[in-house]
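Some notes on the structure that comes next.
Because the structure is a prediction, the values reported are computed rather than measured. In the text below, chain A, chain B and the rest are named by the order of the sequence lines, each starting its count at 1.
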Number of protein chains: 2
Amino acid sequence: MIGTVSLAQVGALVGDPTRAAMLQALIDGRALTAGELAALARVTPQTASGHLAQLAASALVAVSRQGRHRYHRLATPQVARMLESLMQVAAASAPPRARTGPRDEQLRLARTCYDHIAGRLGVALADAMMARGWVEIEDDAALVTSDGMDQLAALGIALDPSSTGKVRSVPLCRPCLDWSERRSHLAGRLGAALCTHGLERSWIRKRAGSRALEVTSAGRRAYRDLFCIEIFET
Amino acid sequence: MIGTVSLAQVGALVGDPTRAAMLQALIDGRALTAGELAALARVTPQTASGHLAQLAASALVAVSRQGRHRYHRLATPQVARMLESLMQVAAASAPPRARTGPRDEQLRLARTCYDHIAGRLGVALADAMMARGWVEIEDDAALVTSDGMDQLAALGIALDPSSTGKVRSVPLCRPCLDWSERRSHLAGRLGAALCTHGLERSWIRKRAGSRALEVTSAGRRAYRDLFCIEIFET
DNA sequence: GCGTCGGTTCGGCCGCGGCCGTAACGACGC
DNA sequence: GCGTCGTTACGGCCGCGGCCGAACCGACGC
């Protein structure tokens, strides 16, 4: 049975609480130093270093030296998707999730999912764009309509299709099941473009040391005016 | 940091070699008894029982009693996708994969990936359909073109879009990175339909006790004639 | 009733692996 | 040069968890 050992090895890597915390801290695509990851995971630097060496040896994280720091990030988007799928299953396995602290609430409102927006804001954006006919979402596939391409371009979101243009609808969009909302939000190239677009216009801002996204007042206005999204009260 | 424990818990479940072997045996969607899984994982029944109890408690597998047998299967397609994504990362982490035994070869040629076809046959089908313009595949999104819908219908593969029909291209198709070929094959509703279609016409046949698919002589002919696929010679 | 078979529970053994203390190593800044 | 910060290497402790043997439970068939 080919691959069994490898499957178990990767599972075991994610299976340790310390390593899992580190991986989860890296899931938004940023690069963190070993010291930061050690503090996040509540272990001593040398322990963290050992874990990071394992993760690097298995090519789950990539390291890049810079001065006397070593920055660690997830090696590929594949790894981020793997972690997301694990978190989906984890969220489904533990339904009675009563923990709704303030940190929690921020994460549920809006957060990054490697390169796109997740949380209530993410699913609200997906809903709005589907209602307008800009995208179509099936259970595990999605696409941007030609109308959606035009409207998004008008908003300054250019989706270079890189295709020959002989077809009008291009698959630039991938549904990504949200582990907190249990609904689909938009990933793929469109999801990444939406996130970049919001960051450039300061509609959303990355919080330091967290995956949570802060929605600025300008962002509230913009998302409300453009997409009729009203999820920001309380 | 919400979810950390859960993430690690699921990882640890997959991280044990015995449980990993069981999960991998279930990845094709079949339901197996505890005894079969024990034999597959090379452990005694009581050990297997303990592992299966854990997997069931975390809702990774679902059990259904039937007489004095207990059939175990993956709880949701989500779990299958999670395992596939883990295997992709595992395959990428261990590049020098020299093991190419006969069992291995069968799996690489054609196998099921929960509900669709993977392996060389899977990527060849994807390539052929893309070359004909029936589907379009980007890196992490895919769709069936209207032309493809017609042509597939002519072959007896009906993809009920469940949509209003106001658009011509519907997202019924999801790319799934193949861990052995490192190329995309077709999943989603089209992938499942292709697999069912082949099984109904006895072009492919499920091998007992394995995920490997046997391509019948009729299947070789059909796939060659319809899609110009020539991958079946040793 | 009895025997058989599939599956589970209990108890105890044992080994793997995470953790830290200490110490060494390397890169920077002065 | 020197001190400091960050990272890595080694040794040893300890606890979690997988494994099996034996016994128990329930379902079937006669």
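For dT7(D), the OP1/OP2 oxygens have no side-chain nitrogen or oxygen of Ser49(A) closer than 4.0 Å. Remark: Arg70(A) is not in phosphate contact with dG26(C), judged by side-chain N or O atoms under 4.0 Å from OP1 or OP2.
From Met22(A), atom CE reaches atom CD of Glu36(A) across 11.5 Å, with rounding to the nearest 0.5 Å. Here the NE2 atom belonging to His116(B) is positioned 10.5 Å from the CG atom belonging to Leu190(B), to the nearest 0.5 angstrom. Atom CG of Leu121(A) is separated from atom SG of Cys195(A) by 9.5 Å, given to the nearest 0.5 angstrom.
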**Request:** Summarise how protein sits on nucleotides 10-25 of chain D as a single string, 5' to 3': B when a protein heavy atom is under 4.0 Å from the base, S for sugar-phosphate-only contact, - for no contact.
**Result:** --------SSBBB---
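Rounded to 10 degrees, the angle between the two end axes of the helix from dG1(C)-dC30(D) to dC30(C)-dG1(D) is 30°, with five pairs used at each end.
One side chain, His197(B) or Arg201(B), offers a donor N or O that lies under 3.5 Å from an acceptor on the other.
His69(B) has its NE2 atom 14 Å from the P atom of dA27(D), to the nearest Å. Taking atom CG of residue Leu37(B) and atom P of nucleotide dT8(C), one finds them 11 Å apart after rounding to whole Å. Distance CD (Gln66(B)) to C1' (dC5(C)): 17 Å, rounded to an integer number of Å. Atom CD of Glu36(A) is separated from atom C1' of dG6(D) by 12 Å (rounded to the nearest Å). Look at OH on Tyr71(A): it is 14 Å from C1' on dA27(C), rounded to the nearest Å.
A salt bridge links Asp127(A) to Arg183(A): at least one charged side-chain nitrogen sits closer than 4.0 Å to a carboxylate oxygen.
Relative to the six-membered ring of Trp179(B), Arg111(B) meets both conditions, a distance below 6.0 Å and an angle of at most 45° to the axis.
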Under 3.5 Å donor-acceptor pairs involving side-chain atoms of residues 73-88 of chain B, not counting sequence neighbours:
unit_1: Thr76(B); atom_1: OG1; unit_2: Gln78(B); atom_2: N; d: 3.3
unit_1: Thr76(B); atom_1: OG1; unit_2: Val79(B); atom_2: N; d: 3.3
unit_1: Arg81(B); atom_1: NH2; unit_2: Asp140(A); atom_2: OD2; d: 3.2
unit_1: Glu84(B); atom_1: OE2; unit_2: Arg211(B); atom_2: NH2; d: 3.1
unit_1: Ser85(B); atom_1: OG; unit_2: Ser85(A); atom_2: OG; d: 3.1
unit_1: Ser85(B); atom_1: OG; unit_2: Met82(B); atom_2: O; d: 2.7
unit_1: Gln88(B); atom_1: NE2; unit_2: Leu177(B); atom_2: O; d: 2.9

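Looking at Arg220(A), its side chain never comes within 3.5 Å of a backbone N or O of Ile229(A) through a donor-acceptor pair.
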